[in-house]
Amino acid sequence: MKTFVYIDHFKGEIQPASWEALGLAKSLGSASAIVFGSGVDAVVKAAFEFGAEEVLVADDAALADYRAEVYASTLSALASSLNPNLILFPTTARTRELAAMSAVDLETGVLTDISDLDSSLVATRPIYEGKLLEKTACAGKIVLATIRARAFPKPAQNPGAAGSITKVEVKADALSEVKGYAAAESAVNLGDASVIVSGGRGVSNNPALGLDELATAQKGFELIGELASLLGGAVGASRAAVDGGYITYAHQVGQTGKVVSPDLYIACGISGAIQHYVGMRNAKLVVAINKDADAPIFKQARYGALGDLFAIVPALTAALKKKLGK
Ligand SMILES: Cc1cc2nc3c(=O)[nH]c(=O)nc-3n(C[C@H](O)[C@H](O)[C@H](O)COP(=O)(O)OP(=O)(O)OC[C@H]3O[C@@H](n4cnc5c(N)ncnc54)[C@H](O)[C@@H]3O)c2cc1C
């Protein structure tokens, strides 16, 4: 099986799921990485270290900014001339567009957001909010697939590893021009987080503080943020916390928020409604902190702490700080 893996990066900042895609490619046969951009030596080096045998590189000023038409025509020309069986991408906003545009050029289809792929290229992907797993295949000669972050193991990095570099011709005809960048409302990346500490409506409930709802919630999320940063994790939230204005939508986990799959999910003051559960049920280990012994979250969690999050979260942070020597 000849597989190409598109290494997605923004100005050299690599999407970690690119390495998970590379690990999947290697498990199926030979793996060549594709690196596009301008001044991408560090990305190429990392691709070898994470297991690519060959890197197909287009390093050109015309690729300094991601522009769909330039990237897609370069990728399509490359795939048409080298004829891989499979091209894998990490699932990101850029690759959704890039894979779709190249699939049109290559007269094939895209298997999106896959969580498994067998050697005959039958993919598994969750549908209906993860209630069903669908088996799906693509009839095209070259199969394109975007992989779900954290669904496949990340290969070990082998510092100093090297391989062959093949230069790729750039198809630079473009209609668009990038005028600049502006930071989005929040750069939170829940999809890649290995630890998520989430807060729900309960973060606004601490009458002893004598503060109003929003100020209490701000205190609650400060405690959650301290625990998350100690564990190198991200802060998540229930919809009730987002709707209450305690935190921005970018943090929402659930049916109408992000679907996450961290190693550890700590739910603080979250009841465990089904619409929240479908967003975090792929977590490997769930810990619940809640005042109500009958809250459904305790049925979804491996470990539960019954009590006030305003007491338990800082106690947990202090105990972990001691344990970790921080
Ligand atoms: C179409 C649709 C889509 C939806 N999408 C989503 C979604 O994407 N994500 C999502 O989360 N929800 C979603 N919801 C809403 C969902 O149904 C629930 O209303 C929501 O998840 C409840 O959030 P919560 O658990 O924070 O609040 P609640 O259900 O009010 O629970 C608060 C919990 O905090 C506990 N608590 C209170 N004070 C404390 C304290 N001091 N210490 C410890 N525990 C405390 C309480 O015991 C309670 O269990 C959706 C609903 C619909 C209809």
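Each ligand, and each atom within it, is numbered from 1 in the order the structure gives. Atom set for the values below is all heavy atoms of this structure, side chains included, hydrogens, waters and symmetry mates excluded.
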Please write down residue, atom name and distance for the protein heavy atom closest to [atom].
atom: atom 5 (N) of ligand 1; result: Thr256 OG1, 2.6 Å
atom: atom 32 (C) of ligand 1; result: Gly269 O, 3.5 Å
atom: atom 3 (C) of ligand 1; result: Arg239 NH1, 3.0 Å
atom: atom 39 (C) of ligand 1; result: Lys291 CD, 3.3 Å
atom: atom 9 (N) of ligand 1; result: Val253 O, 2.8 Å
atom: atom 36 (N) of ligand 1; result: Gly202 CA, 3.7 Å
atom: atom 18 (C) of ligand 1; result: Ala273 CB, 3.6 Å
atom: atom 29 (O) of ligand 1; result: Ser271 OG, 2.7 Å

Given the protein's heavy atoms, is any one of them under 4.0 Å from atom 26 (O) of ligand 1? yes
Could you list the atoms of ligand 1 found under 4.0 angstrom from a heavy atom of [X]?
X: Asn205; answer: 37 (C), 38 (N), 39 (C), 41 (N)
X: Ala240; answer: 22 (C), 23 (O), 24 (P), 26 (O), 27 (O)
X: Asp292; answer: 47 (O)
X: Asp308; answer: 40 (C), 41 (N), 42 (N)
X: Leu309; answer: 40 (C), 42 (N), 43 (C)
X: Gly200; answer: 26 (O)
X: Ser238; answer: 11 (O), 23 (O), 24 (P), 26 (O)
X: Gly257; answer: 8 (O)

Check whether [X] reaches the backbone of [Y] with its side chain - one donor and one acceptor, N or O, closer than 3.5 Å.
X: Glu54; Y: Ala33; result: no
X: Lys321; Y: Leu230; result: no
X: Ser32; Y: Val55; result: no
X: His276; Y: Ser238; result: no
X: Thr124; Y: Ser115; result: no

Return the CZ to CG distance between Arg150 and Leu190, rounded to the nearest 0.5 Å.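 Going from CZ on Arg150 over to CG on Leu190, the span is 11.5 Å.
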Once you round to the nearest 0.5 Å, how far does OH of Tyr6 lie from CG of Leu144? 12.5 Å
Against ligand 1, does Gly307 come closer than 4.0 Å with any heavy atom?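 Right, Gly307 reaches ligand 1.
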Check for me whether Asn206 has a heavy atom closer than 4.0 Å to any atom of ligand 1.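 No, Asn206 has no heavy atom closer than 4.0 Å to ligand 1.
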Establish whether Val286 and Val259 are linked, either directly or via other cluster members, by ILVMFWY side-chain heavy-atom contacts under 4.5 Å.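 As far as the 4.5 Å side-chain criterion goes, Val259 and Val286 are not connected within one cluster.
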Answer with yes or no whether the hydrophobic clustering places Val40 together with Tyr71; edges join I, L, V, M, F, W, Y residues whose side-chain heavy atoms lie under 4.5 Å apart.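 Hydrophobic grouping puts Val40 apart from Tyr71.
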For ligand 1, note which part of Ile297 has a heavy atom under 4.0 Å away: side chain, backbone, both or neither. neither
Whether [Y] and [X] form a salt bridge (side-chain N of Lys/Arg under 4.0 Å from carboxylate O of Asp/Glu) is what I want to check.
X: Arg125; Y: Asp113; value: no
X: Lys11; Y: Glu13; value: no
X: Glu69; Y: Lys171; value: no

Would Ile289 count as a polar contact of ligand 1, with the cut-off being nitrogen or oxygen pairs under 3.5 Å? no
From Thr95, Thr146, Thr92, residue fulfilling side-chain hydrogen bond (donor to acceptor under 3.5 Å, both in side chains) relative to Asp8: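 The passing option is Thr92.
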Quick test of your reading of the structure: of Gln255, Gln275, Gln252, Arg201, whose heavy atom lies closest to atom 50 (C) of ligand 1? Gln275
